[in-house]
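Beneath this line is the structure, given in structure tokens, with notes to follow.
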Amino acid sequence: MLSKAQKKFVAKVLPPHGNVFVFGKDDEHKLKPSIDYVVISGAFLNQHPNVSQLFKDIADRVHDRTRVLIVLDRFRGKFSMRDVNTFLRSSDYEVVTGGRTFYYKYVMARPMAFREKASSVSVIVPARNEKGNIEPIVKRLPKLGTHMEIVFVEGGSTDGTGDEVKRIIKKYPNRDIKLLVQSKKGKGNAVYEGFEAAKGEVVVILDSDLAIPPEEMVDVYRAFETDKGEFINCSRLVYAMPRGAMPRLNEWGNRFFAFAYGWLLGQKRKDLFAGTKMFRKSDYERMAKLRPYLGTDDKWGDLDLLLGAAKLGLKIQDFPVHYYPRVYGTSNMNSNTFLVYLIKAYLITIRKMKPGLRLPF
Ligand SMILES: Nc1nc2c(ncn2[C@@H]2O[C@H](COP(=O)(O)OP(=O)(O)OP(=O)(O)O)[C@@H](O)[C@H]2O)c(=O)[nH]1
Ligand SMILES: [Mg+2]
């Protein structure tokens with residue numbers, strides 16, 4: 001039930017991997033849990049006798065990460081986007097993202113049947129020259145989920161961080177603590193290798209500079225467990241920050257890029273680069289598969305995760321956390337290289353994230 005041009009457009013909106021099902025007349029019985037994306041055209045909705053029932057049938061028969069993509073022709077059709085949203089809401093769906101081009105309007109939505117449950121959690125802690133922060137993290141981090149492992153991922157330290165983690169593993173035999181030495185360089189590589197090794201169903205990054213209090217992970221996990229989002233993205237820019245936590249220029253930069261990338265992601269953001277982000281390990285695997293497609297060569301990790309999640313149609317939810325100045329150690333961050341990278345990554349991904357946009361380059 002899609003025209004050739006619509007098919008081409010849909011192929012660009014959806015990620016390159018995933019099982020796509022274009023819904024046609026009397027197709028209800030073909031719905032099955034292996035479908036990742038159900039595509040419905042405006043023309044099909046126009047002639048359907050009971051759209052609410054259709055959405056309910058879909059929700060009952062697919063899996064809990066299946067997305068429904070509805071594409072409306074801007075110059076044809078009876079339903080407006082507002083009508084579609086009304087149908088979605090009345091059938092217990094949540095709109096995750098959407099957009100418009102010259103010819104089309106689209107929304108991607110998820111069924112809201114409450115499905116998250118208590119899970120095992122892996123806390124991934126990237127650490128480079130963070131010796132003085134290792135024990136405070138272990139002491140301060142409350143237990144999360146049904147079982148929690150802490151995976152320290154060390155690389156390139158000169159202050160004995162690795163040995164300190166080994167000492168802590170011995171000192172706290174009742175805690176599930178692991179040490180991983182990363183094979184390449186950079187924070188991105190460290191967290192990716194941590195995710196790969198993670199045994200938990202849910203993974204979360206916790207920076208070892210202790211800028212975000214580990215105690216607040218309980219609330220982050222609670223938001224995830226109750227399905228406020230499928231990707232909990234911590235935001236440092238909601239609460240007032242104490243002096244010295246973030247230089248003023250960095251704060252403005254953070255606000256600006258969150259706004260700019262929010263448009264690109266199709267989901268508004270307040271902050272992109274807080275260390276803490278939480279999602280399912282199985283969703284991480286899908287995001288990781290998208291990395292070559294996005295092609296940003298992210299050395300820090302945050303952007304590839306957010307862009308990947310947005311492209312998959314995962315619901316990203318901001319979560320406010322407090323942010324404090326570092327006590328031990330110094331920043332591993334070079335703001336200038338990062339700034340150049342952010343602009344480059346924007347230009348590289350704009351066509352993939354905003355299909356159908358007419359660009360001058
Ligand atoms: N394993 C590993 N960890 C790293 C590397 N670079 C940074 N980290 C860790 O990643 C976390 C974030 O790094 P920070 O130095 O706090 O830098 P930032 O948080 O991006 O920036 P500021 O805190 O604003 O200075 C910290 O826990 C670091 O120890 C790296 O190359 N390898
Ligand atoms: Mg930091």
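Every number for a ligand or one of its atoms is a count from 1 in the order of the listing. Heavy atoms only: backbone and side chains are in, while hydrogens, waters and symmetry mates are out. This structure is a prediction, so every number in the text was calculated from the model and none was measured.
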If you count the atoms of ligand 1 from 1 in the order shown, which ones are under 4.0 Å from a heavy atom of [X]?
X      : answer
Asp209 : 16 (O), 19 (O), 23 (O), 27 (O)
Glu130 : 26 (C), 27 (O), 28 (C), 29 (O)
Gln182 : 1 (N), 2 (C), 30 (C), 32 (N)

Determine which of the N, O or S atoms in Asp209 is closest to the Mg ion (ligand 2) and give its atom name.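 The Asp209 atom nearest to the Mg ion (ligand 2), restricting to N, O or S, is OD2.
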For ligand 1, indicate whether the residue Tyr323 contacts it via side chain, backbone, both or neither (heavy-atom separation under 4.0 Å).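 Within the 4.0 Å criterion, Tyr323 contacts ligand 1 through side-chain atoms alone.
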Where on Ser208 is there a heavy atom closer than 4.0 Å to ligand 1, on the side chain, on the backbone, on both, or on neither?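 It is both parts that get close, each with some atom under 4.0 Å.
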Is a salt bridge present between [X] and [Y], judged by a nitrogen-to-oxygen distance below 4.0 Å?
X      : Y      : answer
Glu149 : Lys178 : yes
Arg236 : Asp271 : yes
Lys187 : Asp207 : yes
Arg65  : Asp36  : no
Arg222 : Asp219 : no
Glu135 : Lys171 : yes
Lys289 : Glu285 : no

N or O contact, [X] vs ligand 1, cut-off under 3.5 Å:
X      : value
Ala190 : no
Glu154 : no
Gly186 : yes
Arg128 : yes
Thr330 : no

At what distance is the nearest protein heavy atom to atom 21 (O) of ligand 1, and which residue and atom is it?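 Minimum-distance protein heavy atom for atom 21 (O) of ligand 1 reads Met333 CB, 3.6 Å.
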Who's closest to atom 12 (C) of ligand 1 heavy-atom-wise, of Ile205, Asn254, Leu210, Asp207?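 It is Asp207 whose heavy atom sits nearest to atom 12 (C) of ligand 1.
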Minimum heavy-atom distance between Ile212 and Gly275, given as atom pair plus value: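 In terms of heavy atoms, the two residues are closest at CD1-N, 4.1 Å.
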Can an N, O or S atom be found in Asp207 less than 2.8 Å away from the Mg ion (ligand 2)?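 No, outside the cut-off.
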So among Tyr323, Phe338, Tyr261, which one has a ring-ring contact (aromatic ring centres under 6.0 Å, His included) with Phe273?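 Single pass found, and it is Phe338.
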